[in-house]
Number of protein chains: 2
Amino acid sequence: MTLKELATRLDISTATVSNAFNRPDQLSTALRDRILREAKTLGYSGPDATARSLRTGRSRIVAVVLAESLTYSLNDAVASELLSGIAEVLDAHGRTLLLVSGRQHANRIPDSASMADGFIIYGLLPNRKMLADLPSRRPFVAIDYDLEGCPTVHVNNEQASYAIACHALAHLPQRPAVISLRLTKHPCNGRISAEQELLAASQTITHCRLQGFQRAFERYAIDPASVPMWNIEENTFAVCMPVIEEILDLPEGQRPTLLLCMSDRIALTALTLAEQRGLRVPDDLCITGFDGIAEGQYRAPRLTTVRQDSLAKGRLAASMILGKEPMTTTWLETELILGATCPPSA
Amino acid sequence: MTLKELATRLDISTATVSNAFNRPDQLSTALRDRILREAKTLGYSGPDATARSLRTGRSRIVAVVLAESLTYSLNDAVASELLSGIAEVLDAHGRTLLLVSGRQHANRIPDSASMADGFIIYGLLPNRKMLADLPSRRPFVAIDYDLEGCPTVHVNNEQASYAIACHALAHLPQRPAVISLRLTKHPCNGRISAEQELLAASQTITHCRLQGFQRAFERYAIDPASVPMWNIEENTFAVCMPVIEEILDLPEGQRPTLLLCMSDRIALTALTLAEQRGLRVPDDLCITGFDGIAEGQYRAPRLTTVRQDSLAKGRLAASMILGKEPMTTTWLETELILGATCPPSA
DNA sequence: CTGAAAGCGCTTACAG
DNA sequence: CTGAAAGCGCTTACAG
């Protein structure tokens, strides 16, 4: 059943039927009611979305392009929270959320993504050119990474890392270590050697976090070069585990006593493995995270970390896409969370 | 730039240009190469997805309709894992994932959802009639709840619950308690009184879980009516917490020594709160979960639970939608996970 | 191997 | 307040 058929049955024009659904003010109430009633009877549930979309040029769909795989993103607490924020705003405005991965098997964004009215790009795509096929006229908003010609929602990673490292380093004396996330140019799941090339700050937010840590080292008169660093390739339990085991299994005198982790997932894995080894946190080992995910706060001991408000990030990005907020690059605040894995010094 | 404009510029028909993109066998390689080259030069990135969709009747989008809000679903480990499984299969076949909530503010599914080529319905919708506006000709697959006229992907909740309860009750003597999830007809976040009406097994999978527990009680000669039950309204830390505090704060002799929880989230909240109170798990308190989420397994002590393979659920549902698996109702296996929160009896 | 023509289901100026 | 007509951008038998 199409609008045209319905019009024929009612012996009126398609324009009037269309108006009955879209512009109540364009026809009499009586006629409109009759049309709507008849539509229901005949099983016509309103204008076809695709046809309407072709005609009006708007689909009421907003796409989120994720730099990581959908599987990773959906299972990552930070990405999930971000998506929640986006979904919440889209929902409230009758928009629908299309999830697209930038790591498609074909390394190309599926055509169907281009139906969206706007695009939110989360993370650093493996290949910028993927975006070229997307309709450039429509609004784009980036999250976490600058994308030329479009506003970005940022968190001040350097400042947040500086803050938490300063908090942690106030305990003296300690042997700090850094556990970073995708910081090396070439894949490395383990200790970072001195000659290893690192990604630039423009290529990964974890470099910004590193800079914050290093500024804190300097403030506390610690030579940044003396602080051992380990790198983790994927922010999941399974991938974190072997690297952290390697660290915790170091002989007592060499084992770090403070782990500055670049994500809560890393920190929580360290916490679990430390507990399994009978290490006391924070007495034997202090641990700090980054992100402020729920899992770190609803457990004992509570994780000391810095919270980035991913929900707010998502809400803001979605609001910008919908034109409810100005399209301008914005830096969101972070908040230090003083948990028990690295308590304030006495 | 449209296909028609491109055809005009090249002085060939639109049919040929269309074939260049869709049916390489319908024209000479030379002509096709020329068309593709010229398209790239002129910035034409292929046929418009909406127009193609209108014409062919297929959008290559698959919609997942979630009974819960998107915010809840995205932050729930079970739903996320399910979505991962769906996304994985859709991705591999060039399909894109549209997320739709059945708890929209307007209590109506947005029109744009009807663009999808197929629908996966997850959970029990607050209102079945919402689906009426969706194109009934296209494939539908339900997950966890039967939906008339469409195949469902199920887990045998009763059997899984029976298995884990039997495992737990083998420790004797104990004072078991059940912490259920949305089991009461009317909202209740706390102890379930004897006169409280429960939802039927067809209305909630947790009733099936309860039946499994009760069968185990009978096997162990425990009067089901003697086992206290608490109900939780939402499977989140925040909502679980007050209920579990109430339980753990019971005087020593009344406090249950075994908590049969209907989700891992409930069990993990119980574990955290027990740890905070200095209760020893499993010595003072045994805890079992349901779901088998990662968070319960990558912590110390590991959660004793029963795993439902949400990933497999999602994969199967998506495969059915894409016609890669027969459209038939299927029951997936579960697996007992013997963790440390309720170890096998010595 | 290529093209003319119909039509997918709508919405929207515009005329009456 | 209502309707005739154009056109959104494409694909697909079909004819040549």
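Throughout, protein chains are lettered first and strands after them, A, B, ... in sequence-line order, and every chain is numbered starting at 1. Remember, predicted model here, so these are calculated numbers, not experimental data.
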Under a plain distance cut-off of 3.5 Å, with no hydrogens placed, do Thr16(B) and Ser13(B) share a side-chain donor-acceptor pair? yes
Checking side-chain polar atoms at under 3.5 Å, does His207(B) have a donor or acceptor matched by the opposite partner on Asn157(B)? no
Counting side-chain heavy atoms from C-beta on, which of dA6(D), dT11(D), dG3(D) comes nearest to Arg52(B)? dT11(D)
In whole angstrom, what separates Leu3(B)'s CG from dT2(C)'s C1'? 14 Å
Looking at Ile120(B), Leu125(B), Leu99(B), which one forms a side chain to side chain contact (heavy atoms under 4.5 Å, CB included) with Leu66(B)? Leu99(B)
Whole-Å gap separating C1' (dG3(C)) and CG (Leu10(B)): 14 Å
For DNA chain C, which residues in residues 26-51 of chain B have a heavy atom at a distance below 4.0 Å? Gln26(B), Leu27(B), Ser28(B), Leu31(B)
Just how far, in rounded Å, is P of dC10(D) from CZ of Arg55(A)? 15 Å
According to a strict under-4.0 Å criterion, is Ser18(B) in side-chain N/O contact with OP1 or OP2 of dC10(D)? no
Quick check on dT11(D): is either OP1 or OP2 less than 4.0 Å from any side-chain nitrogen or oxygen of Arg58(B)? no
Could you check how far CG of Asp25(A) sits from P of dC1(D), rounded to whole Å? 9 Å
To the nearest angstrom, how far is Lys4(A) atom NZ from dC8(C) atom C1'? 10 Å
Can a side-chain donor-acceptor contact be found between Asp146(B) and Thr152(B) if the only test is distance below 3.5 angstrom? yes
Could you state the CE-P distance from Met1(A) to dC8(C), rounded to the nearest angstrom? 15 Å
What is the distance from CZ of Phe21(A) to P of dC10(C), rounded to the nearest Å? 9 Å
Under 3.5 Å: donor-acceptor pair, side chain of Ser18(A), backbone of Thr14(A): no
Using a cut-off of less than 4.0 Å, is there contact between a side-chain N or O of Thr2(A) and OP1 or OP2 of dG9(C)? no
Can you tell me if the side-chain N/O atoms of Arg23(A) get under 4.0 Å from OP1 or OP2 in dT12(C)? yes
Side chains of Ile109(A) and Asp133(A): closer than 4.5 Å at any heavy-atom pair? no
State the pairing partner of dA4(C); accept Watson-Crick or G-U wobble contacts with both distances under 3.5 Å, and report none otherwise. none
Tell me the partner of dA13(D), counting only Watson-Crick (N1-N3 plus N6-O4 or O6-N4) or G-U wobble (N1-O2 and O6-N3) with both under 3.5 Å; none if nothing fits. none
Of the listed dG3(D), dT11(D), dG9(D), the closest approach to the Leu54(A) side chain comes from dG9(D)
By nearest nucleotide on DNA chain D, pick out whichever of Ala15(A) and Thr56(B) is the more 5' one. Ala15(A)
With a cut-off of less than 4.0 Å, is there a side-chain N or O of Asn22(A) near OP1 or OP2 of dT11(C)? yes
Describe, in one word, how the ring planes of Phe21(B) and Tyr44(B) are oriented to each other, choosing from parallel (under 30°), tilted (30 to 60°) and perpendicular (over 60°). perpendicular
Between Asn127(B) and Arg108(B), does any side-chain donor sit less than 3.5 Å from a side-chain acceptor? no
Starting at CG of Leu6(B) and ending at P of dG3(C), how long is that distance when rounded to a whole Å? 13 Å
